[in-house]
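Structure first, then comments.
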Amino acid sequence: MALSKSEKQTCDNVRYFFKYDFKRYKQLASLADLKSIGYNGFNSSTNTNNQENKVITASYCQEIINMVKNVIERMQDKRLSKILTYRHFDYLPFWQIARKLQYSESTVKQLSNQAYLLFADMLAMVTDIDLRKSDYIEKGTINRQ
């Protein structure tokens with residue numbers, strides 16, 4: 001099954017999301033429980049607001065991580081769910097996924113495209129992240145530095 005240009009872009013966006021953005025979400029979420037230390041002994045409102053913003057950002061990132069996991073778990077076609085899990089949580093190459101699922105590597109690659117398209121649709125329904133947009137990679141979802 002050949003992908004349309006927009007479907008190919010969506011698959012590229014999902015791969016990019018898992019390779020860069022999702023890793024960043026995980027890193028930022030891990031900071032949710034850190035507290036900043038005041039060295040002057042005073043708690044300024046600027047410092048408090050800044051700390052609140054950091055906690056809010058970290059909480060948002062944790063919420064995205066949970067949503068991504070939930071979307072993958074709720075896929076009715078468990079083959080697609082397993083492919084995404086093996087590929088982007090267990091970091092397995094396609095040949096190992098093919099061996100685990102007892103499919104050819106080319107079948108796994110085709111199924112992964114189906115998984116990416118479904119994932120993008122489902123994620124867009126439950127978050128403000130729309131991986132189906134052609135400019136997703138250029139715009140990004142969280143501030144990049």
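Remember, predicted model here, so these are calculated numbers, not experimental data. For the numbers below, each heavy atom of this structure counts, side chains included, while hydrogens, waters and symmetry mates do not. Counting from 1, the numbers follow the sequence of the chain as shown.
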Aromatic rings Tyr25 and Phe17: how do their planes relate, parallel, tilted or perpendicular, breaks at 30° and 60°?
tilted

CD (Gln27) with more than 12 external heavy atoms under 6.0 Å:
no

Do Asp21 and Arg24 meet the salt-bridge criterion of a basic N to acidic O distance under 4.0 Å?
no

N-O pairing of Arg132 and Asp130 below 4.0 Å
yes

Rounded to the nearest 0.5 Å, the OG1 atom of Thr10 sits from the CG atom of Leu3 at a distance of 9.5 Å

If you measure from OG1 on Thr85 to CE on Met75, what distance do you get to the nearest 0.5 Å?
8.5 Å

Would you find more than 12 non-hydrogen atoms of other residues, nucleotides or ligands less than 6.0 Å from Lys26 atom NZ?
yes

CD on Gln9 to CG on Leu131, rounded to 0.5 Å:
10.5 Å

Name the residue from Glu63, Gln62, Lys69 that meets the side chain to side chain donor-acceptor pair (under 3.5 Å) definition with Asn66.
Gln62

Please evaluate residues Phe119 and Val68 with respect to the criterion side chain to side chain contact (heavy atoms under 4.5 Å, CB included), reporting the C-alpha separation (whole Å), side-chain torsions for both, the decisive distance (0.1 Å), and the verdict.
CA-CA 9 Å; Phe119 174 80; Val68 166; 3.9 Å; yes

Say whether Tyr20 and Ile137 are linked into one hydrophobic cluster, either directly or through other cluster members, by side-chain heavy-atom distances under 4.5 angstrom.
yes

How long is the straight-line distance from NZ of Lys82 back to CG of Leu92, given to the nearest 0.5 Å?
13.0 Å

Should Asp12 and Tyr136 count as side-chain neighbours, where that means a heavy-atom distance under 4.5 Å?
no

To the closest 0.5 Å, what do you measure between CZ (Phe94) and CD (Glu105)?
8.0 Å

Test item: Asp77 side-chain N/O and Arg79 main-chain N/O as donor-acceptor pair under 3.5 Å
yes

Main chain of Lys109, side chain of Ser112: is a donor-acceptor contact present, judged purely on distance under 3.5 Å?
yes

Phe18 vs Arg87, test: side chain to side chain contact (heavy atoms under 4.5 Å, CB included). Steps then yes/no.
CA-CA 10 Å; Phe18 278 111; Arg87 186 79 175 142; over 6 Å; no

Kindly give the heavy-atom pair with the smallest separation between Ser81 and Ile72, and that separation in Å.
OG-O, 2.9 Å

Side-chain (Lys78) to main-chain (Glu73) donor-acceptor, under 3.5 angstrom:
yes

Closest non-hydrogen contact found for Leu117 with Glu7 is CD2-O, 3.6 Å

For the pair Tyr86 and Gln96, evaluate side chain to side chain contact (heavy atoms under 4.5 Å, CB included) and give the outcome as yes or no after the intermediate values.
CA-CA 9 Å; Tyr86 290 150; Gln96 284 184 331; over 6 Å; no

Which of parallel (below 30°), tilted (30 to 60°) and perpendicular (above 60°) describes Tyr116 and His88?
tilted

Is there side-chain contact between Leu84 and Phe89, with heavy atoms separated by less than 4.5 Å?
no

To the nearest 0.5 angstrom, please state how far the CG atom of Leu80 sits from the CE atom of Met122.
10.0 Å

Answer yes or no: are there more than 12 heavy-atom neighbours, outside Lys19 itself, under 6.0 Å from its atom NZ?
no

For residues Lys8 and Asn113, determine if any side-chain heavy atom of one lies less than 4.5 Å from a side-chain heavy atom of the other.
no

